[in-house]
Number of protein chains: 2
Amino acid sequence: MTDQPRPHHHGNLREALIVAGLELMEEGGPDALTLRKCAKRAGVSHAAPAHHFNGLPSLKAAIVARGYRMFAQTMRDYRAAAKSDPQAQLAAICDGYIAFSRQHMAVFKFMFQPHDLANETLDKTTATELKHESTASYQILQQACAPFAPEKTDPASMEIMIWSLVHGYAMLFCNPCENGLSPPQTIPDFSQILPKLKLKTNSARK
Amino acid sequence: MTDQPRPHHHGNLREALIVAGLELMEEGGPDALTLRKCAKRAGVSHAAPAHHFNGLPSLKAAIVARGYRMFAQTMRDYRAAAKSDPQAQLAAICDGYIAFSRQHMAVFKFMFQPHDLANETLDKTTATELKHESTASYQILQQACAPFAPEKTDPASMEIMIWSLVHGYAMLFCNPCENGLSPPQTIPDFSQILPKLKLKTNSARK
DNA sequence: CCTTTTATCTTGACACTGTCAAGATGGCTG
DNA sequence: CAGCCATCTTGACAGTGTCAAGATAAAAGG
């Protein structure tokens, strides 16, 4: 009942601002993300965020980093629930990839939307956070692709092919089908597309 | 010499605003695109654009539409310079796709970045323009993919697979390799990736 | 030729944004 | 207890999109 509205020290403002930003984006699209609105939603003055993020781009980067964390976790969950053979593992990760893009479309769009950030204008915490979470996500995909890289070839080639495929596919659903390169009528399920690659494990013969 | 600065009637303000917007975006990134700056660059008062675009989203949509036009033209040029067999035609279109994404990276990123637009807030001219140019682009890809769709299957399946692949690949280069899902070291050329699909024409046997 | 209409642009204003500077608050270390 | 320092507030500024009202000039109609 002691309703002192603001204890002056929020306690965990940085975190609160990130989740406020996520909420705002899910509710009103990317342009609804605003420093002042985040501050208000966190119950804090309009200039408070400046002490945790060196500007709006840094807050955006932190949100993207948070998105990567959720993204990686989704893929891990799907992977854990699948069989252990390489095909099933890769398919599971792709399913997780696409599932995340549907469930958290706003964040997903925002994550892979090319911002002006990534410059050196980010505060160090956010920059390292972003780097860490994004490489963690990529490594999950990388591990799943490794069994399919033909011997004597750069595994990156296979990674990029699969990554391109699933990412491009996920991106197709991000536009409301009215503008942009909207595909014709119905889009086949990804489970019908991945097998077209006819992937073979490199150690299957051994 | 009769330097009357503004003839009050610009003559072709809509067009001038679009190219101004394209320039601004190439120079300073997506966030540098501003109604007022476009107006100033076109030599016009800050509220003039409102008479040609019903708000900033519409101007953005018009710029995207212009991007699609250049995009389609690039693919047509590449296609025209290639051999006439289906493999070469498809490869050429993919090369054009990727070439455009490199040469006009700012616009390319902007085109495929999910905006809040596409809503019904667009003025009719811009909306139909956008729809027209984007479907024209997709049809080019569609035609090139058609020969490879296995009979008795929905050709959309093959289109989407190839589209996903080339689009995802092109997207990989849009981030300055510091943030986002940056791939490891070196990225193989797309000419090494497309053949992995081992595409066969459906009428080759006939 | 003159008048009326209409498209086009200007001016001014408003609320909102990000960002900076300066001060207030309160927990922490010494 | 004193002082420090991270944290937050207040106030201000330039820049933004958007709206309303008026000015301008080209076109249309007699």
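Numbered from 1 within each chain, the chains take letters A, B, ... in sequence-line order. Computed from heavy atoms alone, side chains included, the values below leave out hydrogens, waters and symmetry copies.
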Ranking dC8(D), dG11(D), dT16(D) by distance to the side chain of Thr34(B), first place goes to dT16(D)
Side chain of Ala47(B): nearest nucleotide among dT10(C), dG17(D), dA21(C)?
dT10(C)
Quick one, Met70(B) with Met111(B), criterion side chain to side chain contact (heavy atoms under 4.5 Å, CB included). Give me CA distance, side-chain angles, the key distance, then yes/no.
CA-CA 11 Å; Met70(B) 300 154 51; Met111(B) 286 164 54; over 6 Å; no
What is the separation between atom NZ on Lys60(B) and atom C1' on dG17(D), rounded to the nearest whole Å?
11 Å
Between the base of dG11(D) and the side chain of His46(A), is one N or O donor paired with an acceptor at under 3.5 angstrom?
yes
Separation of dA14(D) atom P from Lys40(B) atom NZ, nearest Å, is 14 Å
Atom CG of Leu35(B) and atom C1' of dC16(C) are separated, to the nearest Å, by 15 Å
In whole angstrom, give the distance that lies between atom CG of Asp123(A) and atom P of dT7(D).
12 Å
Which sits closer to the 5' end of DNA chain C, His51(A) or Pro49(B), going by the nucleotide each is nearest to?
Pro49(B)
May I have the distance from His10(A) (atom NE2) to dA6(D) (atom P), rounded to whole angstrom?
20 Å
Measure from the ring center of His104(B) to the ring center of Phe108(B) and say whether it is less than 6.0 Å.
no
OP1 or OP2 of dC8(D) sitting under 4.0 Å from any side-chain N/O of His52(A)?
yes
Are the charged groups of Glu23(B) and Lys37(B) less than 4.0 angstrom apart, N to O?
no
Consider only side-chain N and O atoms of Thr126(B) and Asp123(B), and report whether a donor and an acceptor are under 3.5 Å apart.
yes
Could you check whether the side chain of Arg36(B) and the base of dG17(D) have a donor-acceptor pair of N or O atoms closer than 3.5 Å, going by distance alone?
yes
Length of the line joining Asn12(A):CG and dC8(D):C1', which is rounded to integer Å
15 Å
Rounded to whole Å, the CZ-P distance (Phe53(A) to dC8(D)) equals 11 Å
Using the side-chain heavy atoms of Pro57(A), tell me which of these nucleotides is nearest: dT19(C), dC8(D), dG17(D).
dT19(C)
Nearest whole Å is fine: how far is dT17(C) P from Asp31(A) CG?
12 Å
Donor-acceptor contact present, side-chain Tyr97(A) to main-chain Val166(A), <3.5 Å
no
Base, sugar-phosphate alone, or nothing: which one does Ala50(B) contact when heavy atoms must sit under 4.0 Å apart?
nothing
